[in-house]
Each structure stands twice: as structure tokens, then as C-alpha cells.
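All chains are named by letter (A, B, ...) in the order of the sequence lines, taking the proteins before the strands, and each is independently numbered beginning at 1. As a basis for the values below, the full set of heavy atoms in this structure was taken, side chains included, without hydrogen atoms, waters or symmetry mates.
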Amino acid sequence: MRGFLALAWVELKLFLRDAFATVFALAFPLITLLLLAAVFGESDPQEQVDGQFIFRGAHGDDYYVAASVALAIAAVGLLALPVHLASYRGEGVLRRFRASSVPTWALFGAQFVVGLSVAAFSSLLMTTIAWVIYGTSWPAAPLGVAVAFLLAMLCFTSLGFLLGALLPTARAAQGIGLLLFFTTYMLAGTGPPRAVLPSGVRDISGIQPLARVLIAIQDPWFGFGWNWQELGLLACITIAALAPAALLFRWD
Amino acid sequence: MRTVITAEHLHKEYGSTVAVADVSLEVYEDEIFGIIGPNGAGKTTTVECLQGLRTPDSGRMRVLGFDPVTQSGELRKQIGSQLQQSALPDRIRVREALDLFAAFTTHPIDSATLIEQWGLAGRRNAAFGDLSGGQKQRLFIALAFVNDPQLVFLDELTQGLDPQARRATWGLIREIRDRGKTVVLVTHLMEEAEALCDRVAIIDRGRVVALDTPQGLIAGLDVPVTVHFSLAEQELPDLSAVAGVQRVGRSGNRVEVQGTGPVLALVAAELVAHGIAPADLRVERPTLEDAFIALTSRSKRE
Ligand SMILES: Nc1ncnc2c1ncn2[C@@H]1O[C@H](COP(=O)(O)OP(=O)(O)OP(=O)(O)O)[C@@H](O)[C@H]1O
Ligand SMILES: [Mg+2]
């Protein structure tokens, strides 16, 4: 436990010392939020396509505030974490960790703490900025949003470990991670709302973890209540990703 | 003498490369055990198998009573490791790294002590990425001792160290042995193995080709010692009659006498008896390097 806390603290400091990682983790979701909220801020919440609300019955700018929180979580899990693990492996840092008896759970746990801190800070920052600039609303059920956020973080951290376990090099992690991130960004409702996607694509796009995260966060945010089904699904994805990640994880 | 490491018939292949063909050895408590051998001989693979960091394809191992394959976790808590290849995050500071790894052990050595001991006092707040090669190496050695291990593995102990740092390191390693710890040392420096190791194994192409004390390895060679001196105008007395002398050569002023046994003392006595007292009389003995070259090239020919 002492080791885990020490590692989490060091990793957090290392993340903050890496200016590039810090900027990327904060900048991308923030910029997309500022753009999309400006463009769709005036939209009518009741507007529909194919008999569905475009913005799930919320204001466009509120929709994108919640979406950018989901995006921050995905950026940590699909981009930052796999690249970090793969480059640690490539450089031989993981060899050193293993020789010094760092257990797998402590390594994973420390990364979770860092990811959680970064995504939470970035989400708070974005929500505050959007509130100041566009007067967007704060979560209707803050606790519900916090719980969804935590589960979403667990889910995407686990996916990040799985990618970090499967992808051999930092290059591969970067390439595959970017591909996955931008694909899911476009299809999970975090870019264009899923209601405007062609109906076939819309149905399939629902299987993406990020699509589930978005709904799990938006429902309590918009005052639709806790979405237990989505929360349960996120928990299942977490376990389904974490088990193989721990099993397949390689230190060198 | 308690045996801390037993390895029997270790074998490890990577694809079609045989990294370790057949290695058996024993290491005793309180000794500095050296492993030397040409590049790619299988030294690193051998010691990493013993540390539970790699799994041999076959063979039996016992290290501090643990099986490194099935009990690697317990074993690694008891040993110290300095790996030939590893790294730390570029932005971690020296002090932070020592404190971090100390947090994973039950009886850590204080980081301030290690920093002082391994000459990193001036760099305690420097980032790993900003350290010189030798400073990184000293940090890695310090990390190997952070859990106050009974047994340490040092793979290429003094790579990148300047002569002063190297000698200081030897002194510290001896001290550690004298405090009852066991050290396994892989090195390319014959001088280091000769100066430091109680016993040395020579590994060549995945096999132990010799295992003895450095003196034993050298003596086993049967290479003659050579006595050198120079002689200005004087007549050279007949030295070939001196006991043990095999060959006498002279080129200009310089004389070379080869022989075995106490040939230096006998030659000197003979010279003095003839009123000759050369100021530059010296003896050249075979070194571990000679033994190493003879043994490894012999196994290459076979
Ligand atoms: N992970 C690996 N994958 C493939 N081949 C390997 C691996 N590790 C070692 N080898 C091969 O096994 C052989 C022995 O390597 P090893 O590192 O044990 O040698 P060594 O004696 O430590 O050499 P050096 O003195 O250069 O450090 C070499 O031919 C090397 O190429
Ligand atoms: Mg080696």
C-alpha cells in the first residue's frame, strides 16, 4: 500500500512535469467543446430527426459540456495510458519496476489515480469555462455524474491497460490509440450526436464503450436520473478488459 | 559454507538462438562470485534466470531457498538487482527514485545514506534524464541495495564509471561482502574480476568453461612468468642454468627470461652474484586476461 501511494504520487508529478502530455490532455477536449458549444448553443432542445431528439432533449451547449467530459476520459484511456505503458516497456522502465518488486496492481492503480486526477481536473475546468462563457448548466444530479464519471474512468483505464498490454511499442500504441480515439469520437455521440448518424451506423455505434459513457454521464447531468443499466454495463466492460489485461501484461 | 545459489543444467533458447546451452554452478554465502565471458555468451540470460526475471526452458535452480520460476515474487524481495539494461522515467529525480523503490520494501535503507555512499550527493535533485552515464550507473547500483538484500546481482557493475568511481565501487562491494552478503557480479573487466572476485566462472557460448579462484584459473594455465631487465655493457651470465628457467632472450640492452616457479628470486640472486644489479628488474605474470583468452579461444576451436 505504501508502495502504491508512493508510485501514484511520483507518477502524478511526472505527468505534470511533462508539459506536452498535460497540454494535450487538457487542450483537445476543451477546444472541441468551445467550438461545438458555440455552434450549437442556440439549438432548440426539442428539435428532432427520425423521431429522435438531436441533443437528447437538452440544449446543444449543455450536451457538449457533458460530451467533453466523456472525451477527456477517452483521451486518457485510449491515448495517454497505452502510450505511457508501451514507452515505459520500450525504455526498460518496466524491467526496473519488476526487479524492484512493483506489483502489477500498484502499477495499474497508480495509473488510474493519475488518469482520474487529470480527467477530473480537465472536466472541472471545461465545465467552469463553458459556464462562464456560454452560461451552460451544472449537473442536475452531481453525485450521479460523479459516480458515472468514476465508473467511466475505471472502464477506460482498463481498456487502456488492455491496449498497453497488447500493443508492443509506443509507436504502435500511438497509431492504434489515435485511430480508436478519433473513430470513437466521431461515432459515439461526442462529435456529431448519434441521432444524426445514418440509422444503420447509429445502431451499431451504440456498442462503443464511449457511447455508453456519454449516456451514463448525460442522464444525471440533464436531470433524467441515474442510469443504472449504463452503470452496470460500464462495470461489466471494466471487468472484461481488466482480466485479460492483467493476464497478458508484459514487463519486457 | 552455505550454498545460496544452485543452478543445474540451465538451458534457454530464443527462437533458433541458444542463449544458454548448459550452465551449472553454485554460489556460496559471503563470496563475490564473478561471471566473465565474451559478448553474447549468455551471462545476462543466466543471471536474469536466477533472479526470476526470465524463465529457462529447462534446468533446476534454487536461490536463497526459493525456486526463481515459481516463487519469483518472494525471491525478488530478498535480492538486489542491477540490470544490464533498464531505465527510469526521464523526469524522475534521484532522491525520488530511491524513495519510490524504498516504499516497496519492508526494511529499506535510507535514501540519504545511499546517495552519500554512491557519490550522488551533488545530484540528489537532478532528473534521471540529466544524469551522466556514470551517474545513472551509480543510481542503478544504489537501487540494487535499497532493500538491504542478502544477495545482489550486479550485471556490468562498473560500465561507464571513471577509474576513481570504479575503485570506490570495488571498495564498497568488498565492504558489503565483509558484512556477510553475497554478490554475483557479471563483468567484462578482467582487472575487476581479479581484484574483486573470490571465485570466477568463465562462460563461453552458453557453457561454463572454467570455474575457480582467479589465482586458480591463472595457475591452471601453466603459462610461464617473464622476468625483464636491461643490461648496459656487461656480459650476461649464463642464466639458462638457473632452476626453472626455460628461455633467455636478449635484444640490445633488453633481456627477457621466461620460466616457472620462483624464477624471479633465483634470477635476481644469480645477477647479484655476478655483481649486476639492474634497476629495472620486473616480472610479468600471466593475468586473468591471459587465462580468459586462452580458455575462451580454446572452446572456440573445439
Ligand atoms: N530477449 C532476447 N531475445 C532474443 N535473443 C536474445 C534475448 N536476450 C538474449 N538473446 C541472445 O542470447 C544470447 C546471449 O545473450 P546474453 O545477453 O545473455 O549475453 P551476455 O553474455 O550477457 O552478453 P554481453 O556481454 O554482450 O552482455 C545472445 O546471442 C543474444 O542475442
Ligand atoms: Mg550481458
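Each of A:L5, A:V10, A:V102 has some count of heavy-atom pairs under 4.5 Å with chain B, and the biggest count is that of A:V102. Taking chain B as the reference chain and counting heavy-atom pairs below 4.5 Å, the highest number among A:P103, A:G3, A:A106 is found for A:G3. Highest contact tally toward chain A, considering only B:V146, B:L88, B:L83, is held by B:L83 [criterion: heavy-atom pairs under 4.5 Å].
Heavy atoms closer than 4.5 Å to chain A are found nowhere in B:A97, neither backbone nor side chain.
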Under 3.5 Å, which donor-acceptor pairs link chain A to chain B? Give each pair on its own line with the distance.
from: A:R2; atom 1: NH2; to: B:T105; atom 2: O; distance (Å): 2.8
from: A:G3; atom 1: N; to: B:A103; atom 2: O; distance (Å): 3.3
from: A:K13; atom 1: NZ; to: B:E96; atom 2: OE2; distance (Å): 2.9
from: A:R17; atom 1: O; to: B:R91; atom 2: NE; distance (Å): 3.2
from: A:R17; atom 1: NH1; to: B:R91; atom 2: O; distance (Å): 2.7
from: A:R17; atom 1: NH1; to: B:E96; atom 2: OE1; distance (Å): 3.1
from: A:R17; atom 1: NH2; to: B:E96; atom 2: OE2; distance (Å): 2.6
from: A:G92; atom 1: O; to: B:A87; atom 2: N; distance (Å): 3.2
from: A:R95; atom 1: NE; to: B:Q85; atom 2: O; distance (Å): 2.7
from: A:R95; atom 1: NH2; to: B:E48; atom 2: OE1; distance (Å): 3.3
from: A:R95; atom 1: NH2; to: B:E48; atom 2: OE2; distance (Å): 2.8
from: A:R95; atom 1: NH2; to: B:Q85; atom 2: O; distance (Å): 3.3
from: A:R96; atom 1: NH1; to: B:S81; atom 2: O; distance (Å): 2.8
from: A:R96; atom 1: NH2; to: B:S81; atom 2: O; distance (Å): 3.3
from: A:R98; atom 1: O; to: B:R76; atom 2: NE; distance (Å): 3.2
from: A:R98; atom 1: NH2; to: B:L53; atom 2: O; distance (Å): 2.8

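When the shell of 6.0 Å around CZ of A:F121 is examined, it contains 12 or fewer heavy atoms from other residues, nucleotides or ligands. Heavy atoms of other residues, nucleotides or ligands lying less than 6.0 angstrom from CH2 of A:W138 number more than 12.
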